[in-house]
Amino acid sequence: METKRKIIIDCDPGHDDAIAILLAAANPKIDLVAITTVAGNAEVEKTTLNALKVVEIAGITDVPVARGAGQPLIRVRETAPDIHGDSGMDGPELPLPTIAPVNEHAVDLIIRKLLESDGDITLVPTGPLTNIAMAMRREPAILPKIQEIVIMGGGTFGNWTPAAEFNIFVDAEAAKVVFESGVPITMMGLDLTHQALATQDVSDRIAEIDNPVAGFIGELLVFFRQTYRDVFGFEDPPVHDACCVAYCIDPSVFECKKLHVDVETKGEYAYGMTLVDIHGVTKKEPNVNVALTLDREKFWSMIIDACKYYG
Ligand code: RIB
Ligand code: CA
């Protein structure tokens, strides 16, 4: 039998983070080893509470949730209430979780799981990279033990500033540590994730699936669609973070190219920009596998199958 791909999702739920977790928990090719949380879309207290709610509705309370960094490494924290609401996951009404985070910091859990492993764990950060950078600095011995890092972040344009995508902008110093670590990285930037638009047709297909998790995902998309219409003028919301898990399930759903990517940490206007060297003008060695195109039908089929799994 094909071995499952072991992943740790480091996230800031977050509507699309929640869908990423639910996709991972439902797919037979994934072994969701742990969930760690970080400040991003909302304060870490809120993103942790949201992660616990998602774990509970998914029925995966055996998956440890560890709370992580509440502040970026250097900069003052920024959150995204205009996109995700004050709770970080506004819209659906879920009961308060009956479970708690484990009594271990996210950074320590990531280090421990990696050192205990055979080097077969993929890190899937879908929020700011603060925890990942802290783990690398706290214990460099984890670097050869990380199979791959599949990041949602960056791109050739921004959504928080004209230059910077939110996850990178919140902690560009952490992103620089990760992008320069030498660990194999696949980047799901905005150029890719803006192809993963949850159209009304997708929502209608999900609405036909009668179970509480499908209903929850449907409600997430209703809220997310409205904020993307209000804030960005998008017809439909991009489910950014689920692209990372979809890649771990089936990389053939994506076309990628090895490119050099630098992270700007000094720019007055370009702080948090990922400089994707599409034409190789820097002559620097490629350090990132950049996802460029998405097979939409295969992607959405994965999401629909995940919704059906919870029936
Ligand atoms: O820019 C989009 C990213 O920022 C997504 O991961 C979203 O959840 C927010 O964290
Ligand atoms: Ca996120």
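Order of listing sets the numbers, starting from 1, for every ligand and every atom in it.
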inquiry  = Under a 4.0 angstrom heavy-atom cut-off, which atoms of ligand 1 come close to Asn41?
reply    = 7 (C), 8 (O), 9 (C), 10 (O)

message = Could you tell me if the side chain of Leu259 sits less than 4.5 Å from the side chain of Met187, heavy atoms only?
response = no

note = If you scan protein heavy atoms around atom 2 (C) of ligand 1, the nearest is Glu165 OE2, 3.3 Å

request  = May I ask you to list the atoms of ligand 1 that are less than 4.0 angstrom from any heavy atom of His240?
outcome  = 2 (C)

task = Output yes when a side-chain donor or acceptor of Asp12 lies under 3.5 Å from a complementary backbone atom of Val38, and no otherwise.
result = no

ask   = By number and element, which atoms of ligand 1 are closer than 4.0 Å to a non-hydrogen atom of Asn159?
value = 1 (O), 2 (C)

query = Which of the atoms of ligand 1 are close to Met152, meaning less than 4.0 Å from one of its heavy atoms?
reply = 2 (C), 3 (C), 5 (C), 6 (O)

ask   = Under a 4.0 Å heavy-atom limit, does Ile83 contact ligand 1 with its side chain, its backbone, both, or neither?
value = neither

query = Within less than 3.0 Å of the Ca ion (ligand 2), any N, O or S from Met152?
reply = no

remark   = the Ca ion (ligand 2) has as its nearest N, O or S atom from Asp241 the atom OD2

remark   = the protein heavy atom lying closest to atom 4 (O) of ligand 1 turns out to be Asn167 OD1, 3.2 Å

query = Do we get Arg225 above Phe234's six-membered ring, with its NZ or CZ under 6.0 Å from the centre and within 45° of the axis?
reply = no

task = Could you pull out the closest heavy-atom pair between Gly70 and Ala39, with the gap in Å?
result = O-CB, 3.5 Å

Name of the Asp12 atom (N/O/S only) found closest to the Ca ion (ligand 2) = OD1

query = Between Thr193 and ligand 1, which part of the residue brings a heavy atom under 4.0 Å of the ligand: side chain, backbone, both or neither?
reply = neither

key: Region of Asp241 engaging ligand 1 - heavy atom pairs below 4.0 Å   = side chain

query = Same cluster for Ile110 and Ile9 if Ile/Leu/Val/Met/Phe/Trp/Tyr side chains link at under 4.5 Å?
reply = no

message = Starting from atom 8 (O) of ligand 1, what is the nearest protein heavy atom, named by residue and atom, and what distance separates them?
response = Asp16 OD1, 2.7 Å

Plane angle bin for His194 and Phe157 - parallel if under 30°, tilted between 30 and 60°, otherwise perpendicular = tilted

Asp17: numbered ligand 1 atoms lying under 4.0 Å from its heavy atoms = 8 (O)

OG1 on Thr293 to NZ on Lys257, rounded to 0.5 Å = 12.0 Å

key: 3.0 Å cut-off met by an N, O or S atom of Asp16 to the Ca ion (ligand 2)   = no

key: Mutual orientation of the aromatic rings belonging to His240 and Tyr228 [parallel < 30°, tilted 30-60°, perpendicular > 60°]   = tilted

message = Could you check whether Glu208 pairs with Lys308 (Lys NZ or Arg NE/NH1/NH2 to Asp/Glu carboxylate O, under 4.0 Å)?
response = no

query = With a distance cut-off below 6.0 Å to the six-membered ring centre and an angular limit of 45° from the axis, does Arg75 pair with Phe169 as a cation-pi contact?
reply = yes

